[in-house]
Amino acid sequence: MLAAMRYSRSFIPTLRDAPADAEVTSHKLLLRAGYIRRVTSGVYDYLPLALLVLRKIEAVIRDEMNRAGAQELLMPMVQPGELWEKSERMEKYGPELLRFKDRHSHESCLGPTHEEVICDLVSRELRSYKQLPMNLYQIQNKFRDEIRPRFGLMRGREFVMKDAYSFHADEESLAAEYKNMFEAYTRIFTRFGLKFRPVEADTGSIGGSDSHEFHVLAESGEDLIAHCSGCDYAANVEKAVSVRASTSCEQAALNMVETPGVTSVEDVADFLSVDIGLLVKTLVYRVNGGEHDGAIVATCVAGDDQVQEIKLAHVLGADSVEMASDDDIASIGGITGFVGPQQLSGRVLVDMRLQGATGLVAGANQPDTHVTGLDITRDIAEPEFADLRETRAGDVCERCGGMIELSRGIEVGQVFALGTRYTEPMEVIFQNQQGKRSVATMGCYGIGVSRLMAAIVEQCNDEAGINWPLALAPFQVGLISMGRSDAVRDTSETIYRQLADAGIEILWDERNERPGVKFKDFELIGLPFQIVIGDRGLKDGEVEIGWRQQQRKTVAVADVVNIVLTELHATEANS
RNA sequence: CGGGGUGUGGCGCAGCCUGGUAGCGCGUACCGUUCGGGACGGUAAGGUCGGAGGUUCGAACCCUCUCACCCCGACCA
């Protein structure tokens, strides 16, 4: 590995201004500090500095994966279409799967993930339960034709991912490996010094039963996570379950009221001077995929709640749901803006929070009209109750009664207990202890390596630039030579050589630049430790050393190498 | 895909409304003075104004089409 480098010979194109299209801190800084350059939407060059960091991140991941008993292998990025037909994901994965034909018109795709390929491999070689369990992983580029790439490395189309796949003879073994991986992930993110949180997660398009995501907590995070202040419950808001008392008022007779042109819940609440929680928000969805594909269903939540569409899709056994068109709404007897749960021809799903509520306000399914005094039990023909609402801050924890809070997070890892979702169709079969053919159970475990780099920058930065932890910085030490005197040059070179020989990763700024420029560049790039050599100190036989953005101290030239080694090793040992 | 926006030298921008010599700051090259926290003076290089078509005597500017990129929503490591 490149351990020592002269600045004038290195490719570190720093920018004084951040390009206008960079939004989040990590994107701006990685661009400005010369780590990455955009090639096309969601696709980046990793410049030398970025590669150095990426390799260090990978090294930690490898270390922990190997320690956890997993074995590294490398699978191809180009995959044959048949495998995806076999797992029935050719259709399901959708346009995110980049497909193409090779010169023989063979249907192929760029791997967005590798369940199919690994199952194919393992199914060919697996015969006996004695070969199980096994956990195989790779660190490799993935391609997902994201609808909307953004935030630089945070959501690219091409990205580096560590993906691991485990195979088991039974559920107990899978559960044990799931726990093992969960713990390995916890160690990995802890070693990076990150503020992170494992949360219960939806399984998404991968499928399976049990899943946790690991989120780095950051304002710029794209995910919302709910966590309890009283216990360790934490879940992605796509899945989080929590309680909030229903807003109810006295039972009353149904009554039609005219509400000309008043459609949004806020406006209706205002117009009728009632608490927004007393409204019933009725949203109509079109179902995509599953056995109710194409159906139009109505959903009801309290006026102050939001429908959590992922939960809804799960309840319906659908791939996804989308807001219905005005025509769709009319087809079940509703009128856009005045939809209510009564007299609709389709299914009506009602959020559990509304169960038993009375004295509510809802659309009347007639133009410019709402009803008051609605009683869920009395007035809705066949309500199907389900948990549909999105958890909000201030909800009550179902487990301990504590208060639920919300945070933003960047998802950097996820573990899945897949069960037989892939092993069944891909025929990963072995002979069990009883001599019977049995389908293996499977788990998969991902870490977004390139995203992790961005997430770390998101958490480790200041006004001056990136503030890498010592273990991840592209170089541990930045050596700055001040002025061009022979003394400065010779001393610098000697110290540079000695540190490099001692195995220290060092970048020597010997450019003919003014000091300010050099300091700014090193701070931008994020080198943790500085050595400053100038005539001023040298005349007393001294140089300056210090941690980034902290007061430097002077030490004798003769002692620098030893002192620096001691300081670095002490810090390494501490972290 | 729907909604919004932007394309002018490497980066950041002005000019466009009201057509007539393509400009500013930073950066880059060279010379000189500087040299402990993004120096100063001088000289210079670098742009078919995203692309195509149209209107016009004349288009960065007006019109049409197109491409790319960015932002907001659905996706996910």
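Predicted, not measured: the structure shown is a model, and the values here were computed from it.
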Applying a 4.0 Å non-hydrogen cut-off, can you work out what D223(A) is touching in the nucleic acid: base, sugar-phosphate, or nothing?
base
Using the C1' atom as the reference point in each nucleotide, state the distance between G9(B) and U66(B) in Å, no decimals.
25 Å
With a cut-off of 6.0 Å (strictly less than), are more than 12 heavy atoms of other residues, nucleotides or ligands near CD of E88(A)?
no
If the cut-off is 4.0 Å, is R150(A) near the phosphate of C71(B), judged by side-chain N/O to OP1 or OP2?
no
R511(A) to Y7(A) six-membered ring, cation-pi geometry met (6.0 Å, 45°):
yes
Contact class for G446(A) vs. all strands (heavy atom < 4.0 Å): base, sugar-phosphate, or nothing?
nothing
Rounded distance in Å - CZ (R148(A)) to P (C69(B))
14 Å
Tell me what R32(A) touches on the nucleic acid: a base, only sugar-phosphate, or nothing, going by heavy atoms under 4.0 Å.
base
Aromatic contact, Y445(A) with Y137(A) (centres under 6.0 Å):
no
Ring geometry between Y35(A) and W468(A) (parallel below 30°, tilted from 30 to 60°, perpendicular above 60°)
tilted
What pairs of nitrogen or oxygen atoms, one from the protein and one from nucleotides 12-14 of chain B, lie under 3.5 Å apart?
residue: G12(B); atom: OP1; partner: A20(A); partner atom: N; Å: 2.6

Less than 4.0 angstrom from a charged side-chain N to a carboxylate O is my criterion; do R489(A) and E510(A) meet it?
no
Exactly one candidate in V24(A), I466(A), I525(A) meets side chain to side chain contact (heavy atoms under 4.5 Å, CB included) with L29(A); the answer is I466(A)
Could you label the plane-to-plane angle of the Y185(A) and F189(A) rings as parallel, tilted or perpendicular, counting under 30° as parallel and over 60° as perpendicular?
perpendicular
For atom P, what is the distance between U55(B) and C61(B), given to the nearest Å?
15 Å
So G152(A), base contact, sugar-phosphate only, or nothing? Heavy-atom distance under 4.0 Å.
nothing
Taking atom NZ of K553(A) as the centre, report whether more than 12 heavy atoms of other residues, nucleotides or ligands fall under 6.0 Å from it.
no
Contact list for RNA chain B against residues 509-526 of chain A - heavy-atom distance below 4.0 Å
R514(A), P515(A), G516(A), V517(A), F519(A), K520(A), D521(A), E523(A)
Does any nucleotide pair with G46(B) by Watson-Crick or G-U wobble geometry, both distances under 3.5 Å, and what is it?
none
The nucleotide from G36(B), C76(B), C70(B) with an atom nearest the side chain of M482(A) is G36(B)
How is R37(A) classified with respect to the nucleic acid when contacts are heavy atoms under 4.0 Å: base, sugar-phosphate, or nothing?
nothing
For C35(B), give the paired nucleotide (Watson-Crick: N1-N3 plus N6-O4 or O6-N4; G-U: N1-O2 and O6-N3; both under 3.5 Å), or none.
none
Can you find a side chain N or O atom of R286(A) that sits less than 4.0 Å from OP1 or OP2 on A74(B)?
no
R191(A)/D63(A) ion pair, N-O < 4.0 Å
yes
What's T40(A) touching, base or sugar-phosphate or nothing? Going by heavy atoms closer than 4.0 Å.
sugar-phosphate
L15(A) has a side chain; which of A74(B), A77(B), C11(B) sits nearest to it?
C11(B)
Nearest nucleotide by nearest heavy atom, which residue falls closer to the 5' end of RNA chain B, G448(A) or G537(A)?
G537(A)
Nucleotide nearest S41(A) when distance is taken to its side chain, options A77(B), C71(B), C70(B)
C70(B)
Base partner of U64(B), which must satisfy Watson-Crick or wobble distances under 3.5 Å:
A52(B)
For a quick check of understanding: with a heavy-atom distance under 4.0 Å over all strands, which category does E544(A) fall into, base, sugar-phosphate or nothing?
base
Can you tell me the base-pairing partner of G12(B)? Count Watson-Crick or G-U wobble geometry only, both distances below 3.5 Å, and say none if there is no partner.
C24(B)
Hunt down the Watson-Crick or G-U wobble partner of C69(B), both distances under 3.5 Å, from any strand shown, or write none.
G5(B)
Any chance the rings of F196(A) and H215(A) have centres within less than 6.0 Å?
no
E309(A): which of T299(A), V321(A), L283(A) passes side chain to side chain contact (heavy atoms under 4.5 Å, CB included)
V321(A)
